[in-house]
Amino acid sequence: MPPSDKSPLGKTKPLVTPIYQSSVYSIPDLDALDAIMNDGQPGFIYARDAHPNARQLGKMLAQIESAEWGVITGSGMAAISAIVLATVQQGQRVLASNRLYGRTVQLFTQELSRFGVAADYVDCNDLKAVETALSRPSPSGRGVGGEGPKLLFVETMSNPLVRVVDIAALAELAHDAGALLVVDNTFATPVLTKPMDLGADFVMESLTKMIAGHSDVTLGLVCGNDADMLPAINTAVSIWGLSSNPFDCWLTERGLPTLDLRMRAACENARALADWLAEQAGVSRVWYPSRPDHPDRAIAERVLQGGFGHMLCFELEGGRDAVNDFIHAAPGIPFSPSLGHATTTLSHPATTSHRYVSPKEKARQGISDGLIRLSVGVEPLAAIQKEMAKGLQ
Ligand code: PLP
């Protein structure tokens, strides 16, 4: 199309945000560049720094999360990395829940230690233990000058065993100790809880999961309220190359209008399935926060609004062989080591998300070889049960 000041759209505009699939923008002149870079004038220069689809999605998600700002990253792990890179200095330490996604633990233990940042772990369902761990000096004796941790990092609902934490209480303890609370809200999503409203300093989500919702995107989100932290997060994303691509942002935006519907339908299915699974032969244990035997049922009732999540775990008596038999007998519940797909999938934490966790640590957390993690979808409950029943025969 020849260059023209007149938009071919006339007075119309697209209902849906267009995809700005461009890695760079043309800029009228050097003064215009300076106006964008120095004075915050609207405009884009280079997509690794910022692009319209990420900007738009970040705004929409900040509103959903009850946050002042939202920054999109190339994955959930990139979101965690951006927070750490923007806040933690060499010689400081991170205190984290002792029930986390395996890669997050690897990032904290294996990667941060290379940069002189220590990580300690604590049972975040034991508030007294958290208070002690936050107090100075460090219980592990690490950190410069006995400094307290810079960050306290938790998952609202833990991967995989859906342990639920009291975010408001943890925020208070963290702030009393001078630490920032970071909440990974991936399992809960803002549909069930908005950690910013409960005192979190940063919320991160793997958008790859329920929020994008169709297993065709890899993205992450960092949200916050402190305006001073926004440039630091943006800088970390740009310089360390943690940025997103426009098409993934566009796909994620496409899923937002149905997020609430999808999440609520999946939560209803998951609750019914958890109760049904508990009655089935060969199932030795079910982990779901609405169940009377779940250790955090009372906390879940307070922290989660209108549902107990789309994730559940169940344990098969026959261990690894029984899991393989289940996978072969129930192909309609694919073994797909992610979560948040529109239809039901399963994973095996011991060999996937927590593969690199030591056997001792797996045993402590209850991640056995017979444990199946189910990401429940929105298909009719009877169809899921029918397929599950094949696996349990
Ligand atoms: N946080 C949780 C709880 C997860 O389950 C995952 C991935 O499974 C991540 C973070 C990392 O997200 P991503 O795979 O988008 O990097």
Side-chain angles (χ1 to χ4, degrees), residues 54 57 61 65 70-85 94 96-111 121 124 151 153-165 167 182-190 192-193 195 200 202-223 236-237 240-245 248-249 251-252 255 263 266 287 289 304 309-313 335-341 345-357 365 367 371-376:
L57 181 63
L61 283 167
E65 297 276 4
V71 173
I72 306 300
T73 57
S75 68
M77 290 311 297
I80 300 172
S81 301
I83 294 170
V84 172
L85 290 165
V94 170
S97 162
N98 64 5
R99 295 183 196 95
L100 292 178
Y101 172 52
R103 289 289 195 203
T104 308
V105 175
Q106 280 185 289
L107 172 69
F108 289 164
T109 299
Q110 183 178 305
E111 300 300 308
Y121 298 90
C124 281
L151 302 180
F153 187 101
V154 288
E155 291 173 1
T156 312
M157 304 175 84
S158 71
N159 184 352
L161 290 168
V162 286
R163 296 293 305 268
V164 185
V165 293
I167 295 168
V182 184
V183 178
D184 179 340
N185 201 40
T186 301
F187 271 35
T189 80
L192 298 191
T193 192
F202 295 101
V203 173
M204 61 77 35
E205 307 265 1
S206 166
L207 301 176
T208 316
K209 315 299 180 187
M210 193 66 176
I211 293 186
H214 297 79
S215 300
D216 46 14
V217 154
T218 304
L219 280 186
L221 167 75
V222 181
C223 275
V237 169
W240 289 80
L242 307 173
S243 42
S244 59
N245 73 69
D248 277 4
C249 293
L251 281 172
T252 303
M263 187 61 182
W287 294 82
L304 308 176
H310 64 302
M311 300 300 295
L312 67 88
C313 286
F335 169 36
S336 262
S338 184
L339 58 122
H341 190 58
T345 61
L346 72 82
S347 188
H348 183 246
T351 56
T352 62
S353 55
H354 293 70
R355 186 177 187 92
Y356 302 104
V357 171
Q365 290 191 38
I367 302 171
L371 190 77
I372 290 180
R373 191 190 75 184
L374 211 59
S375 171
V376 180

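Each ligand, and each atom within it, is numbered from 1 in the order the structure gives. Numbering of residues begins at 1 and proceeds along the displayed sequence.
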Item to complete: Could you give me the CA-CA distance, side-chain angles and deciding distance for F153 and I80, then say whether side chain to side chain contact (heavy atoms under 4.5 Å, CB included) is met?
Response: CA-CA 10 Å; F153 187 101; I80 300 172; 3.9 Å; yes
Pairwise, report which nitrogen or oxygen atoms of ligand 1 are under 3.5 angstrom from protein nitrogen or oxygen atoms, and how far apart they are.
from, atom 1, to, atom 2, distance (Å)
ligand 1, 1 (N), D184, OD2, 2.6
ligand 1, 5 (O), N159, ND2, 3.0
ligand 1, 8 (O), K209, NZ, 3.1
ligand 1, 12 (O), S206, OG, 3.1
ligand 1, 15 (O), G76, N, 2.8
ligand 1, 15 (O), S206, OG, 2.7
ligand 1, 15 (O), T208, OG1, 2.6
ligand 1, 16 (O), G76, N, 3.0
ligand 1, 16 (O), M77, N, 2.9

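Side-chain contact between L61 and I72 is present, with at least one heavy-atom pair separated by less than 4.5 Å. In this structure, M210 and T186 have side chains that are not in contact, with every pair of non-hydrogen atoms separated by 4.5 Å or more. The side-chain heavy atoms of Q110 and V105, taken from C-beta on, include no pair separated by under 4.5 Å.
Within the structure, the salt bridge (charged side-chain N to carboxylate O under 4.0 Å, His left out) test picks out the following pairs touching residues 96-111 (sequence neighbours left out): R99-D123, E111-R114.
Residues S206 and T208 have side chains that bring a donor and an acceptor to within less than 3.5 angstrom of each other.
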